[in-house]
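Down below is the structure, laid out as C-alpha cells.
Excluded from the calculations below are hydrogen atoms, water molecules and symmetry mates; all remaining heavy atoms, backbone and side chain alike, are included. Numbers restart at 1 for each chain; the letters A, B, ... are given by sequence-line order, proteins then strands.
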Amino acid sequence: MAGIKLENVTKAYGKLEVVHGIDLEIAHNEFVVLVGPSGCGKSTTLRMIAGLEEITGGVVRIGDRVVNELPPRKRNISMVFQNYALYPHMNVRDNLGFGLKIAGHTAAVIEERVAEAADILGLSELLDRIPAELSGGQRQRVAMGRAIVRHPDAFLFDEPLSNLDAKLRVQMRAEIKKLHAKVATTVVYVTHDQVEAMTLADRIVVMKDGYIEQIGTPMDVFNHPVSTFVASFIGSPPMNLIPATISDGTVRFTDGTALPVPNRLKDLVREGQEVVFGIRADDITPIGHGIHEARETTEIELEVDLAELLGSETLIYSRLAGQEVQCKMFDPRDLTPGERLTFRLSLDKAHIFDAASLQSVRAH
Amino acid sequence: MSRALKNRLRATALWFATFLLMIVISVPGLWVVLSGFRPNREILAKPPVWIPEKLTLNNFAKIFGFGQDQVAIPVLEYFRNSLVIATTSTLIALIIGMAGGYAFARFRFRFKNTWFLGLMLFRTVPGIALSLPVFMLWSRLGIIDTKLGLIIVYVSLNVPFTIWLIDGFFRQIPGSLSEAAQVDGCTRWQAFWRIEFPLARSGIAAAGVFAFLTSWNEFALASQLTRSTDSKTLPVGLMDFTAQFTIDWAGMSAMAFIIIVPALILTFIVQKHLIAGLTFGGVKG
Ligand SMILES: Nc1ncnc2c1ncn2[C@@H]1O[C@H](COP(=O)(O)OP(=O)(O)O)[C@@H](O)[C@H]1O
Ligand SMILES: [Mg+2]
C-alpha cells in the first residue's frame, strides 16, 4: 500500500534551480503521467522520487516513509529507463532475476517470479537471449519485466516508448495500460507526448519550466485548460489561440470581427480586457459538418486556405484576424482553396485567457 | 581480361604484398629467436647462414648456468625482478586507471578538462628526458637501484594511458545501467563490480596488457636507475653480454627469447579482449 507524496520539492544544480517547489499527491495504485516539453523538469522530478537525484528542498514520501535520505535500493520502487538500461552481458532470465538475486532470494523463488513475469509479458521464449538479440519492443518488455518481478511499491517510467517506432509505440502503450490493470501498482510515468499522457493517465500533471501548470484527469485537462500553455500543449491539433479585446460584450479581434462572449464566461471578463480567445478545431465546423449538438453557437465566415483530408474528417487551414486557425470538417466533401464557407463555432467549448497572465479567466 | 580474373589477380597481388611486408617485419624477430638456438660461430658466419644446420639448447643451458661453459649472468633474478616490477606497476596503474577513468567518465568536477589535458600532455614528454631529474631525486630518496624506484617510474608512465583508455570504455557504458542496478537493489559499489566492471573488462584488459608490455620492455630508464641483481630487469640484463671487446650474440639472443615469450603468451591470452579493446566495440547493444 503506497502512494507517493511530494511536498514543496525543489531541485537545484549548483545555483540553477530547475524544479521550483512541486506539490503532488499520488494515490495508491494511481497512474499519474508527468507531461511537458523537453527540459521542463519531468525526469528530474522522477529521479528525485527514485533516489537517483538528490532532493534539494522539500519532502518526498513513499507510503508513509520520508525517503529523502534513502538510497534507491531502499525505496522499494522500480524504474524503466528511456534506453531500457538492460544489462548487456546477461541474458533475459538474469536481467529479470538480478534484483531478486541481489535481495538474496533463493534460486527457487527467483525462478518462480521470473517465470511469472515472463508469462505476463510474453517473454517465456526469450529467456536465454541476451539483449543484443532482441528487437526494440522485446527489450522494452524485458525492461518492464525487470520492473515487475520485485513487486515494488511503485513503477517509475521515464519516456519508455520514445525509442520505438510509431506503430510499436501505440502497441506498447496499450500493453502498459493492460499491465497496469493486471499488476495494480502506483505508477509515475514521464513523457513529452501528450497523446501518451491522455491515453494512459488516471491523472495528468502538466509541467512547464520546473513548475506544475495543471493537475487533472485527461478530460479535465483537455476540456478546462488553465492556461494557453496547457491549451496548446494538450490535444492535437493544438487549440487555436487568437488575441482579442473585450468590447461591448463581444470578443473583438484585431480585424474588427466580433463574437459573442460565451455565456458561462460573461461574468468573468471585464470591458476593455486584453484576452486570448481559444477554440479547438473540432469546435469550428462548416455548417452541416459538425459532430455534436452544440448548445450555444455562433456563425462565422472563413476562407479555406488549405484542406487536408484525414479520412473521416478534413482539417481546414484558414485565417482569422491574420492568425492561422485550424478547423475540422466531419463527413467531408471536396474543397477548393479560396472557397468561402460559413462555420458554426461552439461557444460553449470556447475559452478565454487573460492576455497578460495567459491564465484562463475561469481560474481563480 | 575478364573482370573475375582481374579481381583474382588483384587479390593475389595484395596477398603477396602483405606477405612480403610481414616477412620484412618479422625477420629481425625470427632472426633473434633462431639465433637463440644456434652457436655463436654460426651467427657470426660470413656469408650468413640463413637456415640453421642444427638447433641447440646450449645457449639456454649456458645462461642458466648448466653445462660446461657457463656465463655468470643471473637470468633468473632478472626474470624475477622484471616480473615483480612489471606486475606490480601494472596492477597499480590499472587500479589508478580504473578509479581515474571512472571519475572522468562519470563525474562532473572542477577543472576536469584541464586535468585530462594535463595527463595527456604528460604522455608527450619522452621518459628519457626525465631520467636525470628522476635519478637525482631517487638517489636523494634512497630508492636508486630498488624495485620500488622502478615501479614508481613505470606507474607514472602508464597511468595517463590507462586512465585515457579506461575512461573511453566507461564513457561508452550508459550511466543508466548503474542506476538501474541501484534501483534493483545494489549499492553504488555493487553496481560497479557487477555491471560496469564486467562491461569495461575488455578495455581494462587492453590497458593492462599495454602497461605490462611497457614496463616489461622498458630499457632506457631502467638502465639508469638500476645497478645490481636486486633490481636489474631483463632488458637491462641483456647488456651483461657485452664485454669490452666481444659480444655474446648467442647468449643475448637466448635471453631475448626469454623476454619475448612471456609478452607473446600474455598477448595471446588476452587477444580477444585486446581486439575488442582496440576496436572499441566492447559494449554495443
Ligand atoms: N546534471 C545536470 N546539471 C545541470 N542541469 C541539469 C542536469 N540535469 C538536468 N539539468 C537541467 O534541468 C532541466 C530539467 O531537465 P529534465 O528533468 O531532464 O527535463 P525533462 O525530463 O523534462 O526533459 C533542464 O533544463 C536541464 O538542462
Ligand atoms: Mg527527460
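Counting non-hydrogen atoms of neighbouring residues, nucleotides and ligands closer than 6.0 angstrom, the CZ atom of B:Arg8 reaches no more than 12 such neighbours. The 12-atom threshold is not exceeded at NZ of A:Lys74, counting heavy atoms of other residues, nucleotides or ligands nearer than 6.0 Å. Other residues, nucleotides and ligands contribute only 12 or fewer heavy atoms inside 6.0 Å of the CD atom of A:Glu54. Atom CZ of B:Phe109 has more than 12 neighbouring heavy atoms from other residues, nucleotides or ligands inside a 6.0 Å radius. Counting heavy-atom neighbours within 6.0 Å of B:Phe107 CZ, excluding the residue itself, gives a total above 12.
Looking only at heavy-atom pairs under 4.5 Å with chain A, the residue among B:Gly175, B:Ser178, B:Ser176, B:Pro198 that has the most is B:Ser176.
In this structure, the side chains of B:Leu177 and A:Pro88 come closer than 4.5 Å at one or more pairs of heavy atoms. Inter-residue side-chain proximity for A:Arg150 and B:Val183 is flagged as met; some heavy-atom pair is nearer than 4.5 Å.
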Assess whether side-chain contact (heavy atoms from CB on, under 4.5 Å) is satisfied between A:Met79 and B:Glu179, documenting all intermediate values. CA-CA 9 Å; A:Met79 183 152 170; B:Glu179 291 175 351; 5.9 Å; no
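At a heavy-atom cut-off of under 4.5 Å, chain B is reached by no residue from residues 29-40 of chain A. Contacts between residues 95-104 of chain A and chain B, counted as heavy-atom pairs separated by less than 4.5 Å, involve A:Phe98, A:Gly99, A:Lys101, A:Ile102.
Proximity of a side-chain donor or acceptor of A:Tyr87 to a complementary backbone N or O of B:Arg194 within less than 3.5 Å is not detected.
No part of B:Arg188 comes within reach of chain A, as not one of its non-hydrogen atoms sits under 4.5 angstrom from that chain. Proximity to chain B (any heavy atom under 4.5 Å) is restricted, for A:Arg47, to the side chain, taken from C-beta onward. Proximity to chain A (any heavy atom under 4.5 Å) is shown, for B:Thr187, by both the backbone and the side chain.
Contact detail for A:Arg146 and B:Ala180: the closest heavy-atom pair is NH2-CB, 3.6 Å.
Expressed to the nearest 0.5 Å, how far NE2 of A:His89 lies from CD of B:Glu196 amounts to 10.0 Å.
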